[in-house]
**Q** 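This is the structure, below, for whatever I ask next.
All figures in this text were calculated on a predicted structure; none of them were measured in a lab.
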Amino acid sequence: MILHIVARGRIGRSPEAELVERYLKRIGWPTKLTELPESGGKLPAAPENGVTVLLDEKGEQLGSMDFARKLEAWRDGGKREARFMIGGADGFNDDARASADLLIAFGRATWPHLLARAMLAEQLWRATSILANHPYHREG
């Protein structure tokens, strides 16, 4: 299963970009990162037999183990792609939320999209490491 991050805004050459790249390189699953302009731009075609996840303030706050179990269920269920959408400054509208398979939030705070991208990359690494029984994640 491909883990695909689709994010509004260009991250450029920044410390956040280095952090995202560092985590994505560690993931043993295929990954893809697509950047879109702040507004407009063409979304990549939705994958057949895939899932769409929006990072949204109205989303569920999943623990790392629960997030890993979601990825595991999608992978084992034959999903070809899990697409993680990070919106621009105004987030997502109700139509986008309604069409998503899952909404997730990283707490109740609002995060800049550059940090949200780094946090998502880390959580994807953490989830895949949990599924691989790697010692990175510790339950305490």
Side-chain angles (χ1 to χ4, degrees):
M1 181 174 72
I2 297 171
L3 304 174
H4 187 182
I5 298 173
V6 180
R8 290 262 174 217
R10 306 277 184 211
I11 199 167
R13 296 175 149 240
S14 65
E16 296 88 355
E18 291 175 21
L19 193 55
V20 170
E21 186 177 326
R22 183 182 316 157
Y23 284 117
L24 291 181
K25 280 183 179 178
R26 292 178 184 177
I27 297 172
W29 300 18
T31 63
K32 184 176 179 181
L33 175 63
T34 301
E35 290 186 326
L36 300 171
E38 270 300 317
S39 62
K42 185 174 179 175
L43 284 174
E48 285 191 37
N49 195 25
V51 294
T52 299
V53 179
L54 302 187
L55 271 66
D56 188 85
E57 64 186 5
K58 296 180 180 181
E60 293 180 55
Q61 296 180 44
L62 298 174
S64 296
M65 293 297 291
D66 292 329
F67 185 60
R69 297 295 168 237
K70 291 254 186 220
L71 290 182
E72 181 179 47
W74 294 332
R75 179 199 64 194
D76 294 352
K79 298 297 182 188
R80 295 183 61 191
E81 181 177 310
R83 175 182 291 192
F84 298 88
M85 308 287 294
I86 300 174
D90 296 325
F92 297 101
N93 63 31
D94 289 337
D95 289 341
R97 286 184 187 108
S99 68
D101 297 292
L102 177 65
L103 305 177
I104 60 173
F106 291 139
R108 293 177 49 184
T110 301
W111 296 97
H113 71 273
L114 297 181
L115 287 180
R117 198 180 306 189
M119 292 164 62
L120 175 59
E122 191 280 337
Q123 282 299 294
L124 291 169
W125 155 243
R126 183 177 296 273
T128 57
S129 72
I130 288 168
L131 297 176
N133 295 314
H134 186 281
Y136 178 68
H137 179 74
R138 294 176 184 86
E139 282 289 304

**Q** Out of curiosity, D66 CG to Q61 CD, how far, rounded to the nearest 0.5 Å?
**A** 12.0 Å

**Q** What heavy-atom pair brings L54 and A100 nearest, and what distance separates the two atoms?
**A** CG-CB, 3.6 Å

**Q** Applying salt bridge (charged side-chain N to carboxylate O under 4.0 Å, His left out), run through D94 and R97 and close with a yes or a no.
**A** CA-CA 5 Å; D94 289 337; R97 286 184 187 108; 3.0 Å; yes

**Q** Can you name the closest pair of heavy atoms from E16 and L115 and give their distance?
**A** CG-CD2, 4.3 Å

**Q** Hey, are the side chains of M85 and D56 touching, using non-hydrogen atoms and a 4.5 Å cut-off?
**A** no

**Q** If you round to the nearest 0.5 Å, how far is CE of M119 from CH2 of W111?
**A** 4.5 Å

**Q** Would you say CG of D90 has more than 12 non-hydrogen atoms from neighbouring residues, nucleotides or ligands within 6.0 angstrom?
**A** no

**Q** Just say parallel, tilted or perpendicular for the rings of F84 and W74, cut-offs at 30° and 60°.
**A** tilted

**Q** Taking C-beta and beyond as the side chain, do L103 and E60 meet within less than 4.5 Å on heavy atoms?
**A** no

**Q** Considering non-hydrogen atoms only, spot the tightest contact between L19 and A118 and give its length.
**A** CD2-CB, 3.8 Å

**Q** Can any side-chain N or O of D101 pair as donor or acceptor with the backbone N or O of V53 at less than 3.5 Å?
**A** no

**Q** Is there a side-chain contact between V51 and R83 (heavy atoms, below 4.5 Å)?
**A** no

**Q** Just so I know, are the side chains of L55 and F106 near enough to count as touching, which here means a heavy-atom distance under 4.5 Å?
**A** yes

**Q** How far apart are the closest heavy atoms of A17 and G12, and which atoms are they?
**A** CB-O, 3.2 Å

**Q** Would you check, one step at a time, whether the test side chain to side chain contact (heavy atoms under 4.5 Å, CB included) holds for L62 with L102?
**A** CA-CA 11 Å; L62 298 174; L102 177 65; 4.3 Å; yes

**Q** Any heavy-atom pair between the side chains of L24 and L3 that's under 4.5 Å?
**A** no

**Q** State, with a plain yes or no, whether a side-chain heavy atom of R126 is found less than 4.5 Å away from one of E122.
**A** yes

**Q** Considering non-hydrogen atoms only, spot the tightest contact between G59 and A105 and give its length.
**A** O-CB, 3.7 Å

**Q** List the steps, then state whether side chain to side chain contact (heavy atoms under 4.5 Å, CB included) holds for I130 with S64.
**A** CA-CA 9 Å; I130 288 168; S64 296; 4.2 Å; yes

**Q** Can you give the donor-acceptor pairs under 3.5 Å from side chains of residues 29-44 to other protein atoms, not counting sequence neighbours?
**A**
| unit_1 | atom_1 | unit_2 | atom_2 | d |
| --- | --- | --- | --- | --- |
| T34 | OG1 | H4 | NE2 | 2.6 |
| E35 | OE2 | I11 | N | 3.0 |
| E35 | OE2 | R117 | NH1 | 2.7 |

**Q** What distance do R26 atom CZ and E21 atom CD have between them, rounded to the nearest 0.5 Å?
**A** 12.0 Å

**Q** So F92 and R8, do their side chains get closer than 4.5 Å, heavy atoms only?
**A** no

**Q** Are I86 and I5 packed together at the side-chain level, in the sense that at least one heavy-atom pair is separated by less than 4.5 angstrom?
**A** yes

**Q** Report the distance from atom NZ of K70 to atom CZ of R75, rounding to the nearest 0.5 Å.
**A** 15.5 Å

**Q** How long is the gap from CG on L131 to CZ on F67, to the nearest 0.5 Å?
**A** 10.0 Å

**Q** Distance check, rounded to the nearest 0.5 Å: H113 atom NE2 versus R10 atom CZ?
**A** 10.0 Å

**Q** Quick one: closest heavy-atom pair of A127 and L71, and the distance?
**A** CB-CD1, 3.5 Å

